[in-house]
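Read the structure below first, then the notes.
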Amino acid sequence: MVKTWAEKEMRNLSRLKAAGIRCPTPMLLRLHILVMEFIGTNGWAAPRLKDAALSEDKLRESYLEVVIMMRTLYQKCKLVHGDLSEYNILYHEGHLYCIDVSQSVDLDHPRALDFLREDCLHVSDFFKKNGVAVMAVRELFDFVVDPSIMDEDIDGYLEKMQQKIRTRGMQSSAEDEIAEAVFVQSFIPRTLDQVHDFEKDIDRITSGNNTEGIYYQTITGLKEDLSGVRLIPAILENVNDQPAGEIVDSFPVSISADQRSRGGLDKDLENIITESEQSSSSASEDDVASETGDNKSSLSENQQVDRRTARKEHKRTVKAEKREARKTKVPKAVKKRKKKVSKEKMRH
């Protein structure tokens with residue numbers, strides 16, 4: 001059993017390193033013994049987050065670092081820590097290091113979402129006790145699992161969320177606390193196959209009556225009203241001047257986190273999204289033409305087809321470039337290792 005846990009720790013630490021999460025570098029595994037990098041200075045071990053004396057500003061920075069770590073762990077490593085708290089995070093040289101990942105589980109584990117909610121609860125409780133304005137447990141959970149949040153949107157998402165937290169204040173009402181307690185204990189389907197009655201849930205949301213227990217919209221990549229696929233997080237829709245419900249109407253399909261992390265979608269879904277974007281682009285062009293008094297009919301059909309073809313070709317080119325860039329990208333862990341080796345050579 002001990003040998004199995006050591007093997008699991010080695011495997012999971014390697015996945016964290018590959019995803020760019022700060023953690024001890026695993027060095028050597030022999031039977032039940034795992035040798036890993038020492039996190040500390042001059043023989044003194046780095047303190048746990050619980051024991052680190054941090055200022056208010058540093059605590060706020062650490063909170064953001066932890067929630068991004070949780071999202072990376074879920075979206076890129078395909079893991080849930082399962083025991084994340086101030087006891088299993090080290091503070092070293094201004095940054096946080098994740099440790100103790102032998103009990104971490106893959107996303108297809110039957111209790112993966114239960115463990116994730118517990119992690120969200122522990123992290124939120126610690127920072128809240130230390131005076132940091134934190135997201136509600138469900139808000140943090142949604143941030144971690146939401147497949148519609150791209151890497152470049154994370155900073156904007158967290159900024160908007162901080163504004164929302166400041167607006168409502170740190171004190172939560174009794175009603176909010178009850179709703180949070182219910183959420184932590186509720187069953188959340190990971191895929192639409194696990195949803196008992198999809199049509200009934202749509203009717204409940206449409207009528208606005210008794211929507212309690214419908215928590216699977218974000219994790220399955222759907223809009224809040226279940227009317228279709230969500231391509232932009234709700235909190236960022238106004239920022240991008242893109243009203244909710246404008247993209248891909250009435251198409252209840254789940255986009256997996258794995259598809260999002262690879263930057264690709266199912267071909268059928270991609271075609272539908274492309275057609276929807278083209279139709280919405282045409283609609284916006286009509287609005288501009290009517291406002292300026294121009295007559296859109298002056299453009300020939302060939303010109304419109306050429307524009308659409310050009311847009312399509314541009315999207316393909318951008319996707320191909322990103323795909324190629326990912327192939328040649330050097331992991332951060334490899335860069336750091338090379339830098340460390342070069343420094344040692346210079347010393348000798």
Side-chain angles (χ1 to χ4, degrees), residues 74 107-108 110-114 116-117 120-121 135-149 153 157 160-161 164 167-168 172-260 265-280 283:
Y74 184 93
L107 302 189
D108 57 0
R111 293 204 60 200
L113 297 184
D114 295 335
L116 177 57
R117 280 180 289 185
C120 292
L121 188 61
M135 292 183 263
V137 173
R138 184 178 181 184
E139 290 172 341
L140 177 52
F141 177 88
D142 286 348
F143 170 71
V144 172
V145 304
D146 193 344
S148 69
I149 305 175
D153 295 332
Y157 185 101
K160 294 293 290 183
M161 185 57 72
K164 182 178 176 182
T167 302
R168 74 178 177 218
S172 54
S173 64
E175 187 178 339
D176 290 337
E177 290 178 358
I178 292 171
E180 194 165 280
V182 171
F183 169 74
V184 171
Q185 297 296 327
S186 298
F187 168 71
I188 301 179
R190 285 176 294 172
T191 65
L192 292 179
D193 292 334
Q194 296 177 343
V195 178
H196 178 64
D197 194 335
F198 186 80
E199 290 80 6
K200 185 178 178 181
D201 289 343
I202 292 178
D203 291 340
R204 286 168 60 193
I205 290 175
T206 305
S207 64
N209 296 324
N210 189 24
T211 58
E212 185 179 307
I214 305 177
Y215 300 123
Y216 58 83
Q217 295 98 318
T218 304
I219 196 168
T220 53
L222 297 179
K223 298 175 186 174
E224 198 63 30
D225 59 0
L226 301 178
S227 62
V229 177
R230 180 177 293 289
L231 301 182
I232 300 175
I235 200 168
L236 293 179
E237 283 179 337
N238 293 333
V239 176
N240 291 286
D241 294 323
Q242 190 163 358
E246 191 168 282
I247 303 176
V248 192
D249 292 326
S250 304
F251 193 68
V253 175
S254 168
I255 300 177
S256 70
D258 187 54
Q259 288 171 313
R260 282 292 185 184
L265 296 173
D266 183 89
K267 281 189 176 180
D268 294 335
L269 178 56
E270 193 171 313
N271 291 336
I272 291 171
I273 293 169
T274 304
E275 290 170 8
S276 177
E277 287 173 344
Q278 290 171 357
S279 61
S280 64

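Numbers here are sequence positions counted from 1. For clarity, every value in this text was computed on a predicted model and none was experimentally measured.
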One pair to check against side chain to side chain contact (heavy atoms under 4.5 Å, CB included): K164 and M135. What are the steps and the verdict? CA-CA 9 Å; K164 182 178 176 182; M135 292 183 263; over 6 Å; no
Stepwise salt bridge (charged side-chain N to carboxylate O under 4.0 Å, His left out) check, K160 with E139: CA-CA 12 Å; K160 294 293 290 183; E139 290 172 341; over 6 Å; no
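Minimum heavy-atom separation, L107 to A112: O-CB, 3.7 Å.
Residue pairs meeting the salt bridge (Lys or Arg N to Asp or Glu O under 4.0 Å) criterion with at least one member in residues 192-202, sequence neighbours excluded, are D201-R204.
Applying the side chain to side chain contact (heavy atoms under 4.5 Å, CB included) test to V182 and every residue at least two apart in sequence or in another chain returns I178, S186, E212, Y215. Evaluation of the side chain to side chain contact (heavy atoms under 4.5 Å, CB included) rule for Q217 yields R138, I205, I214, E224, L226 as partners, not counting sequence neighbours. Taking the salt bridge (Lys or Arg N to Asp or Glu O under 4.0 Å) definition, one finds that R111 meets it with D114, E118, sequence neighbours left out. The ring pair (Phe, Tyr, Trp, His ring centres under 6.0 Å) test applied to Y216 returns no partner, not counting sequence neighbours. For S173, the side chain to side chain contact (heavy atoms under 4.5 Å, CB included) partners two or more places apart in sequence, or in a different chain, are E175, D176.
Rounding to the nearest 0.5 angstrom, the gap separating the CD1 atom in I202 from the CG atom in D225 is 8.5 Å. To the nearest 0.5 angstrom, I188 atom CD1 is 9.0 Å from T218 atom OG1. With values rounded to the nearest 0.5 angstrom, L113 atom CG is found 4.0 Å from I219 atom CD1.
At least one side-chain heavy atom of L222 sits under 4.5 Å from a side-chain heavy atom of F198. Side-chain atoms of L231 and S148, non-hydrogen and from C-beta on, never get closer than 4.5 Å to each other. Within the 4.5 Å cutoff, the side chain of T191 has no heavy atoms near those of the T220 side chain.
When atom types are taken as modelled, the side chain of Q194 and the backbone of R190 share a donor-acceptor pair closer than 3.5 angstrom.
For R117 and E180, the salt-bridge test fails: no basic side-chain N is under 4.0 Å from an acidic carboxylate O.
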